[in-house]
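Remarks on the structure that follows.
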Amino acid sequence: MFLELKAQATSILKDAIQKAGLEIEDSELYFETSSYADLASRAAFRLASLYRQNPKELAARIVSAIEIPDGSYIEEVSASGPYINFHAGRHYLDRTVATVLEEKEKFGCGAPKDKILLEHTSANPNGPLHVGHIRNSIIGDTLARILRRAGYDVEVQYYVNDMGRQIAVVSWACERFELDLSRKPDSAIADVYIKANVELDKNPEYIKEIDALMEKVEAGDVRTIDSFNKAVSLAISGIKETLLRLNVVHDKFVSESTFLKSGAVHDIVERIKATGRTKTDKGALVVDLSDYGFKKTLVIQRSNGTSLYTTRDLAYHEWKAGQADRIIDIFGADHKLISGQLRATLNVIGIKEPEVVIFEFVSLPEGSMSTRRGQFISADELFDRVTEAALEQVETRRPETADEFKKQVAEMVGIGAVRYDIVRVSPEKSTVFNWKEALDFEKQGAPYIQYSHARACSILEKAKEEISWNSSAEIDPSLLVEDTEIDLIKKMASFDSIIDLAARELKPHVLAIYARELADAFNQFYRFVPVIAAEDEKVRAARLALVNCARIVLTNSLNTLGIAAPESM
RNA sequence: GGGCUCGUGGCUUAGCCAGGAUAUAGCGCUGGGCUUCUAACCCAGACGUCGGGGGUUCAAAUCCCUUCGAGCCCGCCA
């Protein structure tokens, strides 16, 4: 709705500027939102410097040339000093309510768009996901949901490292130490992986054994490959379990080794060689990317002839480029340099480059997390503790409810809180994990939004019982005239523009903030406007419809954030 | 040493790319509100050199330079 409002305002403003005998670039016709107006233009400032005239006078001149077409969402345009303010009218509010009721779960969806292949998480299968990894999963999964709602056809992939050095260490560790199969499989893998690394640090001569394993895999040795696969699938099964609990879904798990087996790795090395950019440096094959701003060369083949992660990743990206219009990768800050080099190399051989979303690190008070050193907080532990804390809350707040209900709510609230806490801050901020904050539900986070949703559901439920309310009954939205009602409608109306913005800029935190503001608007309405107890029957019907609208948009927001929307909590 | 990112009330954080009307919100703090649709809520208040310095501009949290602090990265790991 808001996107349409903005489009109408843009067209009205453009015509008026032209009619006033002025000219301005389309890129200057953007709006800001403020407490003064639904949309405010600063075009007069730009025109003032262009024409060397007073911006106030120009604003007045443009406003006097404004013509609002019939049926427009815009009701009034006024100049306030140099600002040109656009005010939405009743028609906009009424259409918003009607559209939400009509489109329901589709409200806020964009027109069908291109195919996007999005890769996220892709953590090495050498242990369980930790709180750093799930920042990747949550940003990636939320982005996938946002892009789908924006209209894109999104396929999500997890790239499985099943043949790197770390996996060789895992495989070696599995032969050397007993796996504790009573543990979750990824944790059992981490146990022996950590032990193996201690061993390798003590006795560096074992490194030769690791090298030998990697050479065997690269050469296609069946027994070694089989042992790698066993370890990898154990770890991946545990990782999948964690992701499932987090409500994160991948469409495909793609193994690195497929590109070696298929010959794609060999082919892409040949393609890069053909550019004349490669040379041999101490036996290794390197690419010169100095004209792309990379001072150091990129190694794409070890001196023993084996491939590296980078080489296999190049082949993976070549494959991805062939099956989608856009490729998006979610990477941690440690991948900044390598992803830049990857993009440059792909550019050199004429392959579509990925768009890379980088997020900064989550560290512990004692330093950065490391699976190798066993220094990490697993996602599983976080989920357990957070849902336990949520359960305590449900027990004190809803003691009368059944145990099964309490458990379900605790899971929805706990996992929702984790997802919201991570997605609400921009990816470029580095954070330090802290238990006290992670277990705190008092702030306006996911539970606040979920609670608003539950309240809306509760009103509708009660209305069904007491006055046999029916969601498809005809209503008159123009009876919604209270300030809090209008604020709520306007907030709901902007959902589509939030999805559009988040999708365009690949910024999921924009939606997280919106959802909180929407809940805020609903809670204020809830506090000040009686619904079931409304004095007039028609007003009551309109308000019930508004509550239903709020429920729908809250559900859509929560769904897009991958957070459960409980009907009662 | 070089590159990238961040620095906004006690804490966490939006805004910065496209400079403009009172700098966003939460936690915490002070005070108030449940016989009314779930108080995981609402209302009011205090708290800010937008890291420091310089510059550009009619106008800078936003652009440029510089400096300090934090994180990440810098070829045969991923």
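All figures in this text were calculated on a predicted structure; none of them were measured in a lab. Side-chain atoms are counted along with the backbone in the values below, which use heavy atoms only and exclude waters and symmetry mates. Naming: A, B, ... by sequence-line order, numbering from 1 per chain.
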> To the side chain of A:Ser80, which of B:C43, B:U13, B:A21 is closest?
Replying inline: B:A21
> Now, which nucleotide makes the Watson-Crick or G-U wobble pair with B:G1, with each of the two distances under 3.5 Å?
Replying inline: B:C74
> Between B:A78 and A:Arg312, is there an OP1 or OP2 to side-chain N/O distance shorter than 4.0 Å?
Replying inline: yes
> A:Gln301 or A:Asn85: which one's nearest nucleotide on RNA chain B is closer to the 5' end?
Replying inline: A:Asn85
>> The criterion is ring-ring contact (aromatic ring centres under 6.0 Å, His included); which residues satisfy it with A:Tyr206, sequence neighbours excluded?
In response: A:Trp172
> Nearest to the side chain of A:Arg165 - B:G71, B:G20, B:C77?
Replying inline: B:C77
> Taking the side chain of A:Glu428 as heavy atoms from C-beta outward, which of B:C72, B:A78, B:U5 is closest to it?
Replying inline: B:U5
> Where the side chain of A:Ser35 is concerned, which of B:G15, B:U22, B:C76 is the nearest nucleotide?
Replying inline: B:U22
> Of the candidate nucleotides B:C17, B:A21, B:U22, which contains the atom at the shortest distance from the side chain of A:Tyr83?
Replying inline: B:A21
> Is any N or O donor-acceptor pair between the side chain of A:Thr431 and the base of B:U12 shorter than 3.5 Å?
Replying inline: no
> Is the distance from OP1 or OP2 of B:C34 to the nearest side-chain N or O of A:Arg527 less than 4.0 Å?
Replying inline: no
> Start at the 5' end of RNA chain B and walk down; is the nucleotide closest to A:Arg42 or to A:Ala390 reached first?
Replying inline: A:Arg42
> Which listed nucleotide (B:C74, B:C41, B:A78) is nearest to the side chain of A:Lys296?
Replying inline: B:C74
> Across all strands, who's sitting opposite B:C27 as a Watson-Crick or G-U wobble pair, both distances under 3.5 Å?
Replying inline: B:G10
> Separation of A:Asn304 atom CG from B:G75 atom C1', in whole Å?
Replying inline: 14 Å
>> Once hydrogens and angles are ignored, does a donor-acceptor distance under 3.5 Å link the base of B:A78 to the side chain of A:Asn126?
In response: no
>> Out of the candidates A:His335, A:Gln157, A:His120, A:Lys320, only one should pair with A:Asp329 under the side-chain hydrogen bond (donor to acceptor under 3.5 Å, both in side chains) rule; please name it.
In response: A:Lys320
>> When you measure from the side-chain N and O atoms of A:Lys429 to the phosphate of B:A70, is any distance below 4.0 Å, counting only OP1 and OP2?
In response: no
> Looking only at side-chain N and O atoms, does A:Arg455 come under 4.0 Å of OP1 or OP2 in B:A40?
Replying inline: no
>> Just to verify, what does A:Glu392 make a salt bridge (Lys or Arg N to Asp or Glu O under 4.0 Å) with, not counting sequence neighbours?
In response: none
